[in-house]
Peer 1: 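Here it is, the structure, as structure tokens.
Letters go in sequence order (proteins before strands), and every chain restarts at 1.
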Amino acid sequence: MSTYKPGEFEDKWNKVYAEKKVFQPEINTKKKKFFINVPVAYPDGRLHLGHLYTWTRADIYARFMRMKDYNVLWPQGWHFTGGPIIGMSIRLKDKDPTAIKIMEQSKVSKENIEKFASDPVQMGLYFSKTFKEDFELAGMSIDWRREFILSYTPQYTKFVEWQLRKLKDKGLITQGNHPVIWCPREDTSLGDHDRAEGEGESPMLFSIIKFKCGGLILPVATLRPETVFGVTNIWINDKIKYRKIEVDGESWIVSSEFEKKLPYQLKEIKSASDFDISSIIKTTAVNPVNNEEIPVLNADFVDKDLNTGVVMSVPMHSPADYVYWEKVRESAPSLYKKPKKIIDVDGYENLIEDAVKKNGSDRPGLKEATRFVYKKEASEGKLNDKNGPLSGLTINEGRERAIELLKGLSAYDSIYELSGRVVCRCGSEGLVKMVQNQWFIKYSDKKLKEKAIDHVSRMNIYPQEARAQVINSIYNLEDKAMARRGGLGTPLPWDKEWIVEPLSDSTIYMAFYTISHIIKTLDPGDVNDELFDYVFLGEKPKHQITPKADEMKKEFEYWYPVNLRITAKELLTNHLIFFILNHVALFPEDKWPIGLGINGWLVINDIKMSKSKGNTMLISESIKEFGADVVRSIAATSNGIDDVKWSTSDINTIKQKFEFLMDIIEILNDFGDERRVVDRFLVSKLGRMVVDTESNYSQLKYRNAVFTSFFEGLDYLKFYLEAGGKNRETLKTFISCIIKLVHPIFPFITEELNSRLGAKTLLEESESWPRAEDYGLDEIAENEVSVLRSTVDDISKLIKITGKTPSRITIGIAPAEKFSTYNEIVESAKKTKNPKELRSMLKKQDAFTDRILKNPNRIPINELDIEIERRIFEESKEYLTRIFNSEIKVQDSGDEKASPGRPKIELA
RNA sequence: GCAGGGGUAGCGAAGCGGUCAAACGCGUAAGGCUUAGGACCUUAUGGCUCAGGCCUUCGAGGGUUCAAAUCCCUCCUCCUGCACCA
């Protein structure tokens, strides 16, 4: 018995690859090139299996294409742009115990932790080195000569500047204000991962409607200004502290919380003082659109932290207002009569009442009722004739018209508020800040979008479903804020206060890979826009540029465009579309990206593993324990965008199957030369496996690929041996082919087995991908093997049913005449499967054809052959005897029960 | 809110108009092997039958077809991603 020892073959073959420089491709115009890449990694910790999942998917593709004789380039770089590395460095400086623990778990020494605390770049450099080591252990076939670091490599910084100036020249850079979620204490923007609470919340634009109340303004914030004609009263809350503030020459009554938020949105408060809210309760305010007088009433549901602390009540549109109206109707004479309905929805006479009745008037009930009502109104609602100039409009039309109307009456303003509560990790409440003079990339540009969408519709996108998502994301794209005030990165060349943010400095860097090994040797001072214009766009330089420019231009021309970019799904609707749009904006069409591969996340939740190792299991440890080949099987757990689970039981299966192959290779010479039907079967299946597996690899359906090659293949092989297959050449052909089919996934062990089978060339080096044409397709042999297998099932069933233990089983093959009738039906069924039509096509009809056609869903479609059927049973006598412990007799049979593919079985 | 994708055995999943739906894997049960455990092998795992048969079932309800898990409509329900953030 052979045993697979993890780590047995990796070093040996890695050395061979390194010596032959297999992963360092040079320009070769005789070969088709294939440029594949994965986004730059952000090294703020150690590589884990989750990362490795994405990179292995790329590596499998790279190796697959190399076997198909493509000249494959796969580079990899890093980026330091942005905040987290700095953030971690600061946490280490502050001696944050969690941060220190993370470092210790990553096996970082005390001295290094201190180094990282004083210099974040050192941390990036350290972890990019460990990433690289782990990638090499796992067999990533990367050309490391082209490695570089975004926001660190000076020549790259020049490239970013060039790219930005190009965008600016094309009018694709604009400037404006932009709302951001902000921590007032730390005075920085609050990204999703900086939040203790409120992940996914975003700034929302609220309308402010100004209701006059004596000489004061009650500013009501709402998302639904179109309901202003249905307002019955104003809600305030006497438990809240209110302030009178001077804004735009008016006196606003707002919560003191709102007063604090307002300056962040570029509103100046001239003066402010405490305000006794009880002084206006039960007085009246004026609705600006119809001058109706409405009462100001107290309600405890008004939230001090949301908006202005002043709310308008529209009972016939908002379930919460409706419930409160019922409670307080006694308190003001004008509220006695039922409020007027302002929005009609067909088929819902009492929309609000019914929604409240159905869901209840407690908090969750009201929330659900509101959701339902808003959805109905938005999709089917119409503003009815009680709405003045808004009458007859849909909700969306009404909203725009209402805003215009209010603006005309000088009763409109707007404000950004959070969509939900956000709390910073530091503990303070987040708020919305309007950042002034932010720089944008103008992705809203219609022409740019059109060109990009048109191109995306022609790209190769795996899995297919992702295409719609990409197209829709581009379609809905707005301008992208492209800079920030802090963090590591490249300063904007024309406004050095701003640093380019990480998604915007990384849209076309794949072009830089093609030249990075050359440009890195240049003095950064010699790198300028003219050089890039020449290399990437072919524009003749006006001044002298480096003599290496032509070499670089050649590299770029040969390797570009990107053939396949592989990444996880969270980059799908941002990075990947920026990647496409910027290429479309800056490069000629023949340099636009060709393919995308998108995957989900790897979830390692196997109990055994997470208990002993945790989910942060180090790559080097897993590889030591299971072997690089086996760890790589993580990439074969999914076909697409779904998240995948990995479990140790899969690992064992793979290991055992390789040991089985090793066993057979060892005893290969004990096999002989006899050829049987099962030999034809096995080789025929091989051809199909090649076709299926190739198609699966091409579409990154690796789960299917490992199935159609490895699992299915070994099942066939086992059956072949059991059923009496014993031909040395067949076995050798078969095993050699399987090894090739799974080589992209399991490179080391397959390279080893391939050499043990006597192969002279490396799988990785030459045109080694098998060709389906080399294996003879033999449908009849395949069909008759199915007959053998189903007959075994039938015999087992019969034995069970009858309770007999037969000492002799007789297999009766149907007469030749039935075979020809049967095959005639098979032939006709290729044209139609409609039973009536089929019947009319047959030359003769008898009890046999009636029986076949009885069930239209059981019409045979596989051609059979009497000689082969006889032979396969003759050749399988030994096999059948072993299974049933009984003498097997094969003979012709005229019995009614004997049909082609269904021999008569007699137990005796 | 915007967008995308699902709902098939105890679970994960395949099937995407026609070869009796459930391949393949996991789990479970029985047996074999073993000092025992693990691993491995065999068998079973929707229901009824008991000479290779029949019936039920693919989120729910309608429709198209000789034929629907598969195509169309309506509804329910779950998951995923979403820009100053890597």
Peer 1: Does E712(A) reach a base, just sugar-phosphate, or nothing at all? Heavy atoms under 4.0 Å.
Peer 2: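 No contact at all - E712(A) keeps every heavy atom at 4.0 Å or more from the nucleic acid.
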Peer 1: State whether Q469(A) places a side-chain N or O below 4.0 Å from either non-bridging phosphate oxygen (OP1 or OP2) of rG81(B).
Peer 2: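 Looking at the OP1 and OP2 atoms of rG81(B), neither is under 4.0 Å from any side-chain N or O of Q469(A).
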Peer 1: Ignoring backbone atoms, establish whether R902(A) has a side-chain N or O less than 4.0 Å from OP1 or OP2 of rG53(B).
Peer 2: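 Yes, such a contact exists.
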Peer 1: Considering only rC85(B), rA51(B), rC41(B), which nucleotide approaches the side chain of K718(A) most closely?
Peer 2: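 When the side chain of K718(A) is considered, rC41(B) is the closest of rC85(B), rA51(B), rC41(B).
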Peer 1: State yes or no: are the ring centers of F131(A) and H51(A) separated by less than 6.0 Å?
Peer 2: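 Ring-ring flag for F131(A)/H51(A): true, centres closer than 6.0 Å.
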Peer 1: Base, sugar-phosphate, or nothing: which does A483(A) touch, judged by heavy atoms less than 4.0 Å apart?
Peer 2: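 If one applies the 4.0 Å heavy-atom cut-off, A483(A) turns out to touch a base.
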Peer 1: If I take atom NE2 in residue H51(A) and atom P in nucleotide rA86(B), what distance separates them, rounded to the nearest angstrom?
Peer 2: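 Distance check: H51(A) NE2 to rA86(B) P gives 14 Å.
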Peer 1: Once you apply a heavy-atom cut-off of 4.0 Å, does P860(A) come out as touching a base, just sugar-phosphate, or nothing?
Peer 2: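 Nothing, no nucleic acid heavy atom in range.
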Peer 1: Give me the distance, rounded to whole Å, that separates rA9(B) from rG59(B) when you measure between the P atoms they each carry.
Peer 2: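 rA9(B) and rG59(B) have their P atoms separated by 8 Å.
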Peer 1: Starting at the 5' end of RNA chain B and moving along, which residue's nearest nucleotide shows up first, K833(A) or K904(A)?
Peer 2: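 Nearest-nucleotide comparison on RNA chain B picks K833(A).
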Peer 1: So what does S473(A) touch, heavy atoms closer than 4.0 Å: a base, only the sugar-phosphate, or nothing?
Peer 2: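 Result for S473(A) = nothing.
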Peer 1: Between rC85(B), rG52(B), rC24(B), which nucleotide gets closest to the side-chain atoms of K797(A)?
Peer 2: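 Comparing rC85(B), rG52(B), rC24(B) against the side chain of K797(A), the answer is rG52(B).
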Peer 1: What's the closest nucleotide to the F707(A) side chain, out of rC24(B), rU19(B), rG52(B)?
Peer 2: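 Comparing rC24(B), rU19(B), rG52(B) against the side chain of F707(A), the answer is rC24(B).
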Peer 1: Please give the distance between the C1' atoms of rU56(B) and rG46(B) as a whole number of Å.
Peer 2: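 Here rU56(B) and rG46(B) have their C1' atoms 8 Å from each other.
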Peer 1: State whether a side-chain donor-acceptor pair under 3.5 Å links T507(A) with N582(A).
Peer 2: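 There is such a pair between these side chains.
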Peer 1: Select one nucleotide: of rG5(B), rG52(B), rC85(B), the one nearest the side-chain heavy atoms of E501(A).
Peer 2: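 Minimum distance to the E501(A) side chain belongs to rC85(B).
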Peer 1: The side chain of D794(A) lies closest to which of these nucleotides: rG52(B), rG5(B), rA86(B)?
Peer 2: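 That would be rG52(B).
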Peer 1: What integer number of Å spans the P atoms of rU57(B) and rG10(B)?
Peer 2: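 Pairwise P distance, rU57(B) against rG10(B), rounds to 16 Å.
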Peer 1: What distance, rounded to whole Å, do you find between the two P atoms, one in rG6(B) and one in rC55(B)?
Peer 2: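 Comparing P positions in rG6(B) and rC55(B) gives a spacing of 32 Å.
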Peer 1: If you check every side-chain atom of N834(A), which of rC40(B), rC66(B), rA51(B) has the closest atom?
Peer 2: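 Closest of the options to the side chain of N834(A): rC66(B).
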Peer 1: Please determine, for rA3(B), whether a Watson-Crick or G-U wobble partner exists with both distances under 3.5 Å, and give it or none.
Peer 2: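 WC or wobble partner is rU80(B).
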Peer 1: Measuring only the P atom in each nucleotide, how far is rA21(B) from rC16(B)? A whole number of Å is fine.
Peer 2: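 Nearest-Å result for rA21(B) against rC16(B) at atom P: 14 Å.
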Peer 1: Considering only the C1' atoms, how many Å lie between rA69(B) and rG61(B), rounded to the nearest integer?
Peer 2: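 Here rA69(B) and rG61(B) have their C1' atoms 16 Å from each other.
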Peer 1: Contact class for P903(A) vs. all strands (heavy atom < 4.0 Å): base, sugar-phosphate, or nothing?
Peer 2: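 P903(A): base contact, heavy atoms under 4.0 Å.
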Peer 1: Scan E478(A) against the nucleic acid and name what it touches under 4.0 Å (heavy atoms): base, sugar-phosphate only, or nothing.
Peer 2: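 Base contact.
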Peer 1: Taking everything shown except E722(A) itself, do over 12 heavy atoms lie less than 6.0 Å from its CD?
Peer 2: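 Buried by this count: over 12 neighbours within 6.0 Å.
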Peer 1: For D44(A) and for A898(A), locate the closest nucleotide of RNA chain B by heavy-atom distance; then report the residue assigned to the nucleotide nearer the 5' terminus.
Peer 2: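 Whichever sits nearer the 5' end wins; that is A898(A).
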Peer 1: Taking atom C1' in both rA68(B) and rG63(B), compute the distance separating them and give it to the nearest angstrom.
Peer 2: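 Each nucleotide's C1' atom is 11 Å from the other's.
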Peer 1: Within 45° of the six-membered ring axis of F719(A) and under 6.0 Å from that ring's centre, is NZ or CZ of K685(A) located there?
Peer 2: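 No, a cation-pi geometry is absent between K685(A) and F719(A).
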Peer 1: What integer number of Å spans the P atoms of rG15(B) and rG47(B)?
Peer 2: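 Roughly 26 Å separates the two P atoms.
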Peer 1: Just N and O in the side chain of R484(A): are any of them under 4.0 Å from OP1 or OP2 of rA83(B)?
Peer 2: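 Negative; the distance criterion is not met.
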Peer 1: Give a yes-or-no answer on whether the side chains of E478(A) and S444(A) include a donor-acceptor pair shorter than 3.5 Å.
Peer 2: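 No, S444(A) and E478(A) have no side-chain donor paired with an acceptor closer than 3.5 Å.
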Peer 1: In terms of side-chain heavy atoms of E570(A), which of rG81(B), rC40(B), rC85(B) is nearest?
Peer 2: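 The listed nucleotide nearest to E570(A)'s side chain is rG81(B).
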Peer 1: Establish, with yes or no, whether the OP1 or OP2 oxygen of rG4(B) is under 4.0 angstrom from a side-chain nitrogen or oxygen of N472(A).
Peer 2: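 Answer is yes, contact under 4.0 Å.
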Peer 1: Of the options rC85(B), rA3(B), rC24(B), whose atoms approach the side-chain atoms of N476(A) most closely?
Peer 2: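 Closest of the options to the side chain of N476(A): rA3(B).
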